[in-house]
Amino acid sequence: MADCTRLAKCPFFNDQMADMPSMANIIKQRYCRTDSSQCARFMVADVLGPEAVPQDLYPSQVDRARAILEGRA
Ligand code: SF4
């Protein structure tokens, strides 16, 4: 259980994404406040840097994150 190191600057955590899901607070609790290693945004930022994270990437979109990391997206 630990806060994500990207919390302060993350558009998802700071409600800056165009379409925030209705379950946003639950998602924040699960990823941002507990285990960021499972977060799609964190995965991409950790390897490629925060500028490589698509604006609209949601924490649960791990398949999309993998595709980006493998150069398929
Ligand atoms: S959405 Fe992901 S990268 Fe952003 S603060 Fe939450 S866990 Fe960290």
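Computed from a prediction, not measured in an experiment: that's the story for all the values here. Just follow the structure's listing: the first ligand is 1, and inside any ligand the first atom is 1. Just so you know, residue 1 is the first one in the sequence shown, and it goes up from there.
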The single option from Arg6, Met20, Gln55 that satisfies side-chain contact (heavy atoms from CB on, under 4.5 Å) with Phe12 is Met20
When you measure from the side chain of Asn14 to the backbone of Ala8, do you find a donor-acceptor pair of N or O atoms at a distance under 3.5 Å?
yes
Output for pair (Asp35 CG, Arg30 CZ), nearest 0.5 Å, gives 9.0 Å
Taken to the nearest 0.5 Å, the spacing of Arg33 CZ from Cys4 SG works out to 10.5 Å
Per side-chain contact (heavy atoms from CB on, under 4.5 Å), Arg66 is matched among Val62, Leu69, Ile68 by Val62
Near atom 4 (Fe) of ligand 1, meaning under 2.8 Å, the protein N/O/S atoms are Cys10 SG
Just wondering, are more than 12 heavy atoms of other shown residues or ligands nearer than 6.0 Å to CZ in Arg64? yes
